[in-house]
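All remarks here apply to the structure that follows.
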There are 2 protein chains.
Amino acid sequence: MDETSFLAGYDPRKYAAVAVTVDVVALTIRDGRLCVLLVERGAQPFAGRRALPGGFVKDEPLGAAALRELAEETGLTPGAGELDRVHLEQLGSYGDPGRDPRMRVVSVAYLAFAPSLPEPTAGSDAARAYWVPVDEAKDLAFDHDTILADALERARGKLEYTPLATAFTGPEFTIGELRQVYAAVWGEDLHAGNFHRKVLSVPGFVESTGTTTARGGDRGGPKAKLYRAGDARLLHPALLRPVRDDRVG
Amino acid sequence: MDETSFLAGYDPRKYAAVAVTVDVVALTIRDGRLCVLLVERGAQPFAGRRALPGGFVKDEPLGAAALRELAEETGLTPGAGELDRVHLEQLGSYGDPGRDPRMRVVSVAYLAFAPSLPEPTAGSDAARAYWVPVDEAKDLAFDHDTILADALERARGKLEYTPLATAFTGPEFTIGELRQVYAAVWGEDLHAGNFHRKVLSVPGFVESTGTTTARGGDRGGPKAKLYRAGDARLLHPALLRPVRDDRVG
DNA sequence: GAAATAGTGTCTCTCAGACATTATCCA
DNA sequence: TGGATAATGTCTGAGAGACACTATTTC
């Protein structure tokens with residue numbers, strides 16, 4: 001915005017045919033699997049292909065546009081409490097020439113962590129949207145495969161040093177449920193005993209409600225204590241992913 | 001980009017008066033202090049105020065636009081090797097309505113780590129650009145204070161788990177020089193002995209050149225061994241910042 | 001009773017940080 | 001010689017991971 005031509009009063013509307021959109025990578029956990037919200041495209045290009053929900057930015061902040069798109073596609077209403085527990089953060093912008101074959105489009109991608117939301121209802125704007133396990137979300141339209149991959153890597157990292165795993169659960173949860181969130185996002189099983197001790201040892205991660213579940217697990221086991229999210233914004237020390245050998249160094 | 005009106009062939013040029021720019025937070029270390037490249041604005045709004053270098057996106061990838069702006073402002077030429085060692089990564093996008101009083105501008109901010117570059121030369125496009133210690137970079141134009149703050153936080157974090165500190169040094173460096181990079185970016189002194197042992201213990205962080213400096217330090221001390229950047233892309237284990245009590249938890 | 005889960009205890013190894021020590025070099 | 005820095009050694013406490021174990025609940 002310091003370009004000389006701009007400062008001289010040049011009107012970019014006359015030449016800058018650049019559109020700005022938001023795309024949302026909304027993640028939730030359904031049946032123990034990490035799922036992403038996708039929409040089915042009805043028109044060219046990429047007709048019939050699946051894509052991330054998104055749309056043009058209106059006269060609103062970028063984050064508000066992302067939340068609006070998410071609300072429209074899920075059929076849920078913002079402000080009515082249904083989306084209050086959704087965590088939203090900016091992922092990055094994607095603007096390579098040619099990523100949209102029609103014109104130059106710069107898309108600001110957002111990442112949303114949501115507790116298990118209902119399946120979008122038919123008959124509404126959201127009729128063409130549905131949740132898809134992330135390992136089945138392939139061959140998306142545009143560069144959405146790349147955006148999704150970046151989103152998953154961001155989500156996996158965020159779980160390490162923030163308490164955002166609680167954004168995937170209900171207001172009250174057991175340590176076992178929290179462990180399943182980590183297992184679903186990271187794609188690996190975690191040792192139950194060590195995880196339990198670790199979570200309780202991080203100050204502010206979770207706080208006890210003093211209550212327990214009504215019954216034990218479906219396949220046996222004692223009633224579990226219930227917790228809610230604590231007030232920590234960062235985990236100290238962090239909950240690091242198991243070390244994998246495919247990392248350099 | 002899934003908006004119905006768009007799919008119907010609506011031309012956003014007719015209504016979407018949104019400009020896309022890139023802004024660059026270029027960081028380097030001069031005289032042991034972390035500095036950022038700023039330009040002096042010559043026209044309204046914010047005439048006379050300092051701002052981050054930036055400009056309109058042309059028919060190029062976003063990252064290329066950032067590199068081009070950086071080259072223009074520093075007077076260095078990309079492709080001639082002068083900017084090869086610069087690390088560039090996307091920071092995020094800033095697009096609140098009203099952040100530019102003239103029109104809707106969405107700016108994609110980039111973060112650049114550079115070895116000590118020459119002062120931009122007068123007479124060129126870069127005449128109005130200069131390096132400013134980050135703690136003196138206040139009251140910038142637009143929302144650039146926010147962008148700079150986000151950039152510094154990103155940079156501090158990046159040094160923890162990536163070897164990017166070497167992007168601030170020359171091709172060969174001593175452990176002491178590397179420690180000064182960390183000290184400058186983090187704003188705190190680090191224990192020389194522990195830092196030395198830690199750096200050498202992280203696989204792939206640095207590799208020995210087998211040579212030493214020609215002379216010892218200006219104020220005494222033995223000749224130091226020289227190292228170059230290793231092939232690791234992530235540091236395992238990470239080099240964590242000293243724990244500060246002002247963090248939640 | 002069998003199986004599964006919640007939760008705790010114990011041991012080992014790694015690592016960060018505090019501190020000490022030796023060697024080397026400049027003024 | 002004195003001061004500063006490079007590089008290494010030692011000790012301690014925190015924490016991660018492997019494993020074992022008990023208690024509790026469901027089928």
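The shown structure was predicted, so the numbers you read here are calculated from the model rather than taken from an experiment. Proteins come first, then strands; the chains are lettered A, B, ... in the order of their sequence lines, and each starts at number 1.
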Excluding sequence neighbours, so at least two apart, what forms side-chain contact (heavy atoms from CB on, under 4.5 Å) with [X]?
{"X": "A64(B)", "value": "E60(B), P61(B)"}
{"X": "A238(B)", "value": "Y161(B), L240(B)"}
{"X": "N194(A)", "value": "H191(A), R197(A)"}

Q.
Tell me every residue that passes salt bridge (Lys or Arg N to Asp or Glu O under 4.0 Å) with E172(A), counting only those two or more places apart in sequence or in another chain.
A.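 Result, salt bridge (Lys or Arg N to Asp or Glu O under 4.0 Å) vs E172(A): none returned.
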Q | Residue list, salt bridge (Lys or Arg N to Asp or Glu O under 4.0 Å) with R33(B), at least two apart or on another chain | A |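 Expected list: D135(B), E136(B).
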Q) F195(B): what forms a ring pair (Phe, Tyr, Trp, His ring centres under 6.0 Å) with it, not counting sequence neighbours? A)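 Partners of F195(B) under the ring pair (Phe, Tyr, Trp, His ring centres under 6.0 Å) test: Y182(B).
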Close N/O contacts between protein and nucleotides 22-24 of chain D (under 3.5 Å):
from, atom 1, to, atom 2, distance (Å)
dT24(D), O2, P222(A), N, 3.2

Q: Please determine if a side-chain N or O atom of R219(B) lies less than 4.0 Å away from the OP1 or OP2 oxygen of dT5(D).
A: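 Affirmative; the distance criterion is met.
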Q. Would you say H196(A) reaches dG7(C)'s phosphate, i.e. side-chain N/O to OP1/OP2 under 4.0 Å?
A.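 Yes.
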Q: With a 4.0 Å heavy-atom cut-off, tell me which residues in residues 168-180 of chain A come close to DNA chain D, sorted by residue number.
A: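 Correct list: empty, so none.
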Q.
Does anything in residues 212-228 of chain A form a side chain to side chain donor-acceptor pair (under 3.5 Å)? List the pairs, not counting sequence neighbours.
A.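 Pairs touching residues 212-228 of chain A that pass the test: E207(A)-R228(A).
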(Q) Below 4.0 angstrom, which residues in residues 206-216 of chain B have at least one non-hydrogen atom near DNA chain C? (A)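 Within this stretch, R215(B), G216(B) sit under 4.0 Å of the strand.
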Q: Would you please name every residue forming a side-chain hydrogen bond (donor to acceptor under 3.5 Å, both in side chains) with S208(A), sequence neighbours left out?
A: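 Not a single residue meets the side-chain hydrogen bond (donor to acceptor under 3.5 Å, both in side chains) criterion with S208(A).
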Under 3.5 Å, which donor-acceptor pairs link side chains of residues 84-93 of chain B to any protein atom two or more places apart or in another chain?
from, atom 1, to, atom 2, distance (Å)
R85(B), NH1, T169(B), O, 2.6
R85(B), NH2, T166(B), O, 3.3
R85(B), NH2, T169(B), O, 3.4
H87(B), NE2, E89(B), OE1, 2.8
E89(B), OE1, K158(B), NZ, 3.4
E89(B), OE2, R154(B), NH1, 2.8
Q90(B), OE1, S93(A), N, 2.6
Q90(B), NE2, S93(A), O, 2.9
Q90(B), NE2, Y110(B), OH, 3.4
S93(B), OG, S93(A), OG, 2.3

